[in-house]
Amino acid sequence: MEHINKIIADTFRELADQLSSGFVGRRPKIALTGMGSEHGEDNSMQAACMAARQGVDVTYIGTKTADGVTTVVVEDEEAGHRKMAELLENGDVDGAVTMHYPFPIGVSTVGRVITPARGKPMYLATTTGTSSTDRVEGMILNALYGIITAKACGISNPSVGIMNVDGARACETALRQLQQGGYDFRFAESARADGGAVMRGNDVLQGTPDVMVCDSLTGNIVVKMLSAYTTGGSYESTGYGYGPGIGRGYDKLVLIISRASGAPLVANALTFAAELVRGNLFHVAAQEFAKADKAGLQEILKARRQSSAAPAPQEVKTPPKEPCTAGIPGIEVMDIDDAVHLLWGKGIYAESAMGCTGPLVLISEANQDRAAALLREGGFIS
């Protein structure tokens, strides 16, 4: 009975969201700029027709026409982008799919791919744009952007994993602080035997998390590889493209595709856009930013910026060397020397090392517990 009541409640909640967004009973209107594709305009129009058959009201911007698709004729690619901006600004379309777009700093795109090992959709946060000029701060925001996008697409409690790139451990520490502050989300657990929220290459292929957090440059490479690994790279055949631009206060629904994107992927990008419209993306974004701020997001980001601007630590005397038979993982590679110096300053001999899952601080087994407590107190591990 409780299960039935939950289904009924969820149904009414979804209906209320749709009523508030104004998209009950009509198809979302999505524009597509078709000129500039490496596969020609016919490829773009083929995608428009495919999406139209799936319930999207497509406005095609280019020179081609087809039944079931509204065409706005333009002379060239530049004129097409001006027309797209005009349609968005005037509210003539609800969103747009295009091959390039100048997002402001603070906005970056959340892609959606189909992972090859399981055929599972996974959100890549992020793939283009720049959330912040600070790498770790950007990744913290990217996690939030990925959660927003996944929730707008109907995943009520998406799992979050952090790709094992520079900044991963610092990002994890900040996200755990946000979680402890009351922002409700869950970490994914790596499919590798040692687990953890930091994802390896296997997790990328398997789609272990719903949201995979990384920097935009890495995300851009990953989305390209997962979209075109069966075609040699010249034709992106699978997935949904580079996704919508997300940022605080940003209210233009623009999704990015590549000039190498094939018709099936472009069609998926159009349906992705329609899904985000129906899911009231910007309402979800406002809610998530408010909840994250309440949990201390701004304070965490401020502390991160202050930490990045801090002067280099003073030289400390190295304690007498001793056998280092224990290791403490989870430290950001850029912080490993500072972590070692912290322990030296407390009279604990330590060495830096790199294991197969990332950096380690090596110490004696006798000092392991005290060293871990000091590193935790210093913010190096969570």
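Reckoned from all heavy atoms, side chains included, excluding hydrogens, waters and symmetry mates.
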*Report the distance from atom SG of Cys171 to atom CD1 of Ile162, rounding to the nearest 0.5 Å.*
4.0 Å
*Cluster overlap Leu342 with Val316, hydrophobic side-chain contacts below 4.5 Å*: yes
*Ile105-Phe289 co-clustered via ILVMFWY side chain contacts under 4.5 Å*: no
*Which heavy-atom pair separates Pro244 from Leu276 by the least distance, and what is that distance?*
CG-CD1, 3.6 Å
_For Ala47 versus Ala263, what's the shortest heavy-atom pair and its separation?_
CB-O, 3.4 Å
_So does Pro319 get a backbone contact from the side chain of Trp344, meaning a donor-acceptor N/O pair under 3.5 Å?_
no
*Is a donor on one side and an acceptor on the other found under 3.5 Å between the side chain of Asp335 and the backbone of Asp338?*
no
Donor-acceptor list for residues 54-63 side chains, cut-off 3.5 Å, not counting sequence neighbours:
{"from": "Gln54", "atom 1": "NE2", "to": "Met50", "atom 2": "O", "distance (Å)": "3.4"}
{"from": "Tyr60", "atom 1": "OH", "to": "Glu41", "atom 2": "OE2", "distance (Å)": "2.8"}
{"from": "Thr63", "atom 1": "OG1", "to": "Glu41", "atom 2": "OE1", "distance (Å)": "2.6"}
{"from": "Thr63", "atom 1": "OG1", "to": "Glu41", "atom 2": "OE2", "distance (Å)": "3.2"}

_Grouping I, L, V, M, F, W and Y whenever their side-chain heavy atoms are under 4.5 Å apart, do Val266 and Tyr235 come out in a common cluster?_
no
*asked:* In the structure I gave you, are the side-chain heavy atoms of Met212 and Val222 within less than 4.5 Å of one another anywhere?
replied: no
*Can you spot which of Ile114, Thr208, Val113, Asp210 makes a side-chain contact (heavy atoms from CB on, under 4.5 Å) with Lys120?*
Asp210
*Going by heavy atoms in the side chains, are Thr115 and Leu205 under 4.5 Å from each other?*
no
*Check for a donor-acceptor pair, side chain of Asn142 on one end and backbone N or O of Asp215 on the other, with a separation under 3.5 Å.*
no
*Hey, does the side chain of Arg192 reach the backbone of Asn202 with a donor-acceptor pair shorter than 3.5 angstrom?*
no
*asked:* Does Lys64 form a salt bridge (Lys or Arg N to Asp or Glu O under 4.0 Å) with Asp42? I'd like the steps, not just the answer.
replied: CA-CA 8 Å; Lys64 301 290 182 180; Asp42 286 336; 3.4 Å; yes
*asked:* Minimum heavy-atom separation for Val211 and Ala125, please, with both atom names.
replied: CG1-CB, 4.1 Å
*For Lys151, does the NZ atom have more than 12 heavy-atom neighbours from other residues, nucleotides or ligands under 6.0 Å away?*
yes
*asked:* Ignoring hydrogens, what is the shortest heavy-atom contact between Ala174 and Ile140? Give both atom names and the distance.
replied: CB-CD1, 3.4 Å
_Has Thr109 got a side-chain atom pairing as donor or acceptor with Thr128's backbone, closer than 3.5 angstrom?_
yes
*Would you call Arg169 and Glu172 a salt bridge, using N to O less than 4.0 angstrom?*
yes
*Gap separating the CG atom of Leu301 from the CD atom of Glu299, nearest 0.5 angstrom*: 9.0 Å
*Where does the angle between the aromatic ring planes of Phe187 and Phe185 fall among parallel (under 30°), tilted (30 to 60°) and perpendicular (over 60°)?*
perpendicular
*Once you round to the nearest 0.5 Å, how far does OG1 of Thr173 lie from CD1 of Ile300?*
10.5 Å
*If every non-hydrogen atom of Ala66 is compared with every non-hydrogen atom of Cys49, which pair is closest and at what distance?*
CB-SG, 3.6 Å
*Apply side chain to side chain contact (heavy atoms under 4.5 Å, CB included) to Ile381 and Ile331, showing your working.*
CA-CA 6 Å; Ile381 59 175; Ile331 300 168; 3.4 Å; yes
*Considering non-hydrogen atoms only, spot the tightest contact between Ser234 and Thr231 and give its length.*
OG-O, 4.0 Å
*Hey, what do you get for NZ (Lys29) to CG (Asp92), rounding to the nearest 0.5 Å?*
7.5 Å
*How would you list, by chain and number, every residue that makes a ring-ring contact (aromatic ring centres under 6.0 Å, His included) with Phe282, sequence neighbours excluded?*
none
*Answer yes or no: is there a donor N or O on one side and an acceptor on the other, between the side chain of Ser44 and the main chain of Gly34, under 3.5 Å?*
yes
*asked:* With heavy-atom distances below 4.5 Å as the criterion, would you say the side chains of Ser237 and Thr230 are in contact?
replied: yes
*Any donor-acceptor pair under 3.5 Å linking the side chain of Asn268 with the backbone of Gly239?*
yes
*Please check if atom CD in Gln298 has more than 12 non-hydrogen atoms from other residues, nucleotides or ligands closer than 6.0 Å.*
yes
*Backbone of Arg259 reached by a side-chain donor or acceptor of His100 within 3.5 Å*: no
_Rounded to the nearest 0.5 Å, what separates atom CG in Leu362 from atom CD1 in Ile328?_
9.0 Å
*Report yes or no: does Ser216 contribute a side-chain atom to a donor-acceptor pair with the main-chain N or O of Gly129 at less than 3.5 Å?*
yes
*Run the salt-bridge test on Lys346 and Glu377 with the 4.0 Å N-O cut-off and return the result as yes or no.*
no
*Under 4.5 Å between any side-chain heavy atoms of Met35 and Met99, yes or no?*
no
*Contacts of type ring-ring contact (aromatic ring centres under 6.0 Å, His included), residue Tyr101, not counting sequence neighbours*: Phe103
*Please work out which of the three classes, parallel, tilted or perpendicular, describes the rings of Phe272 and Tyr240, given edges at 30° and 60°.*
perpendicular
_Using the salt bridge (charged side-chain N to carboxylate O under 4.0 Å, His left out) definition, which of the options Lys302, Arg305, Arg304 pairs with Glu137?_
Arg305
_Any side-chain heavy-atom pair of His39 and Gln46 under 4.5 Å_ = no
*Pair Asp166 + Arg135: basic N to acidic O under 4.0 Å*: no
*Okay, side chain of Asp94, backbone of Ile30: is any donor-acceptor separation there less than 3.5 Å?*
no
*In Å and rounded to the nearest 0.5 Å, what is the OG to CZ distance from Ser131 to Arg248?*
12.0 Å
*Go through the steps to decide whether Tyr242 and Lys224 satisfy the test side-chain hydrogen bond (donor to acceptor under 3.5 Å, both in side chains), and finish with yes or no.*
CA-CA 9 Å; Tyr242 303 71; Lys224 288 179 184 295; 3.2 Å; yes
_Do the side chains of Arg82 and Glu86 get close enough for a salt bridge, i.e. N-O under 4.0 angstrom?_
no
